[in-house]
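No experiment lies behind these values; they were computed from the predicted model shown. Whatever order the structure lists ligands and atoms in, that order sets their numbers, starting from 1. These numbers come from the heavy atoms of this one structure, side chains and all, not from hydrogens, waters or symmetry mates.
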Amino acid sequence: MSSAVTDLDVAVSEIAEEMRRRPDRGEVATYIPELARVDPNAFGLCVIDAEGNVAAAGDCDTPFSIQSISKVFTLTLALGKVGDRLWRRVGREPSGSAFNSIVQLEYEHGIPRNPFINAGAIAVTDLILSGHQPREVLGEILHFMRFLADDQSIAIDKAVAASEQRTGFRNAALANYMKSFGVLENPVEFTLGVYFHHCAIAMTCRQLAMAGRFLVHSGRNPETGMSVVPPERARRINAVMLTCGHYDGSGEFAYRVGLPGKSGVGGGILAVAPGRASIAVWAPGLDANGNSHLGRIALEALTKRMGWSIFGA
Ligand code: GLN
């Protein structure tokens with residue numbers, strides 16, 4: 001690591017400055033009451049390149065609710081537990097509908113389209129839960145996040161989890177509906193409890209970028225050389241992030257940013273530039289698809305400037 005200011009440092013601070021000044025900030029999610037309290041003017045960006053250099057700007061050390069970004073990590077854990085058998089329970093095609101949509105489930109016999117829409121993530125959570133107590137599984141997920149980010153301070157925001165538990169009727173409908181098809185094995189309230197709590201993990205951009213490194217480096221932690229997942233699995237998780245990570249905005253994200261990415265309604269996005277960088281951005285205002293409005297714009301500016309799109313310059 002060098003202390004000289006790099007092109008990446010300059011790009012990150014200029015983009016953060018530009019985003020701070022923009023008036024178009026999107027709308028903060030309000031359907032989870034606790035998320036409605038977040039400052040729409042917040043903006044954080046953190047990039048960790050292949051050499052381990054960290055470029056960070058704005059509110060990069062403020063924890064935010066990672067929400068659906070947690071689904072990348074629960075998918076990783078579930079694949080570790082059951083391998084490719086996971087794909088019997090959930091598909092891997094883009095849904096073309098909203099993150100919390102129920103319509104496809106009826107046509108497709110309770111099998112969710114992919115692991116990143118809510119129904120799919122609830123099915124994945126149920127897989128991890130089987131054979132364990134909810135508390136143990138949450139401990140395992142948290143342990144995994146702390147290990148990947150190399151930071152023991154990462155925790156669940158209990159107020160956010162409770163807020164969603166009180167108001168998550170749509171997710172309860174999805175879970176009950178899947179249960180009626182026999183897609184969920186555990187009591188619905190247990191599966192949902194784990195799901196709401198892993199969505200409520202709070203992390204900073206810096207922690208999230210650290211946690212994403214294994215997806216940049218073919219499944220290895222670049223610092224220790226330790227394997228988190230086999231290369232083939234990292235590649236496939238990235239593929240699902242590219243095609244499904246932004247719900248009905250996945251095509252637009254690929255078109256504009258050109259990287260595997262996963263968004264959350266807390267306004268965070270984790271993006272992976274394979275072999276190059278792990279990137280986390282946070283801007284709480286969302287677009288119509290529930291993806292961070294300025295987060296996407298910032299990533300578009302960054303990948304363009306650095307030439308990082310997987311589709312070429
Ligand atoms: N916990 C949120 C929900 O289930 C996650 C949604 C999201 O981040 N897109 O509605």
Heavy-atom contacts under 4.0 Å between [X] and ligand 1: side chain, backbone, both, or neither?
X	value
N118	side chain
F196	neither
R170	neither

Need the ligand 1 atom indices (1-based, order shown) with element for anything under 4.0 Å from a heavy-atom of [X].
X	value
C199	1 (N)
N171	3 (C), 4 (O), 10 (O)
Y247	7 (C), 9 (N)
G264	8 (O)

Between [X] and [Y], a side-chain donor and acceptor under 3.5 Å:
X	Y	answer
D24	H293	yes
N171	N118	yes
E252	N291	no
S130	N186	yes
S68	K71	yes

Nearest protein heavy-atom contact for [atom]: which residue, which atom, what distance?
atom	answer
atom 4 (O) of ligand 1	Y195 OH, 2.6 Å
atom 10 (O) of ligand 1	Y31 OH, 2.6 Å
atom 1 (N) of ligand 1	Q67 OE1, 2.6 Å
atom 3 (C) of ligand 1	E164 OE2, 3.0 Å

Using a 3.5 Å cut-off on N or O atoms only, is [X] in polar contact with ligand 1?
X	value
S68	yes
V265	yes
K71	no

message: Please verify the inter-ring angle class for Y195 with H198; under 30° counts as parallel, over 60° as perpendicular, anything in between as tilted.
response: perpendicular
- request: Indicate the ring-plane relationship of F144 and F73, choosing parallel, tilted or perpendicular according to the 30° and 60° boundaries.
  value: perpendicular
Lys/Arg-Asp/Glu bridge criterion (N-O < 4.0 Å) met for E185, K179: no
- prompt: Checking N114 side chain against E93 main chain: does a donor-acceptor pair fall under 3.5 Å?
  reply: yes
